[in-house]
Amino acid sequence: MAKALLGYVGGPDPRMLSEMRRLQQRVQDLEAELIRMQAVNDALTAVADEHSLLNSIDLDQREPALT
């Protein structure tokens, strides 16, 4: 009767623990990948900003537009 009131007290299911560990590892892997991708994106953004066409235009040396 006590088991019925308290529920099954056989301990944690090993399959559930294994799945939980696998999912936790997957989350850690995805977080690491996200950090890596953000670093790559930041580096590409910095390079793109340096080579931007708009940044290379010298406003003091502009030529008049043809009319």
Side-chain angles (χ1 to χ4, degrees):
M1 183 71 168
K3 279 187 178 181
L5 293 173
L6 296 175
Y8 179 66
V9 194
D13 183 12
R15 292 173 295 176
M16 186 183 303
L17 291 176
S18 174
E19 181 69 6
M20 184 112 88
R21 276 190 233 106
R22 186 186 72 78
L23 290 173
Q24 287 172 340
Q25 184 60 48
R26 180 72 175 139
V27 168
Q28 289 175 355
D29 293 345
L30 289 172
E31 287 173 341
E33 180 71 8
L34 177 63
I35 291 169
R36 187 186 73 76
M37 295 295 286
Q38 286 173 335
V40 168
N41 188 44
D42 292 344
L44 289 172
T45 301
V47 168
D49 286 343
E50 289 177 8
H51 293 94
S52 173
L53 178 61
L54 294 176
N55 289 339
S56 66
I57 297 173
D58 186 10
L59 297 179
D60 294 331
Q61 299 297 324
R62 294 184 290 195
E63 294 183 13
L66 297 176
T67 57

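Residues take their numbers from the sequence shown, with the count starting at 1.
Listed by chain and residue number, Gln28, Asp29 satisfy the side-chain contact (heavy atoms from CB on, under 4.5 Å) test with Gln25 (two or more places apart in sequence, or in another chain). Judged as a salt bridge (charged side-chain N to carboxylate O under 4.0 Å, His left out), and not counting sequence neighbours, the contacts of Arg36 are Glu33. Evaluation of the salt bridge (charged side-chain N to carboxylate O under 4.0 Å, His left out) rule for Glu31 yields no partner, not counting sequence neighbours. By the side chain to side chain donor-acceptor pair (under 3.5 Å) test, Arg22 pairs with Glu19, sequence neighbours left out. Every residue two or more places apart in sequence or in another chain that forms a salt bridge (charged side-chain N to carboxylate O under 4.0 Å, His left out) with Arg15 is listed here: Asp13.
Leu34 belongs to no hydrophobic cluster, as no Ile, Leu, Val, Met, Phe, Trp or Tyr side chain comes under 4.5 Å of its own. Through ILVMFWY side-chain contacts below 4.5 Å, Leu17 is grouped with nothing and stands alone.
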For residues 38-46, tabulate all N or O donor-acceptor pairs below 3.5 Å that involve a side-chain atom, not counting sequence neighbours.
unit_1	atom_1	unit_2	atom_2	d
Thr45	OG1	Asn41	O	2.8

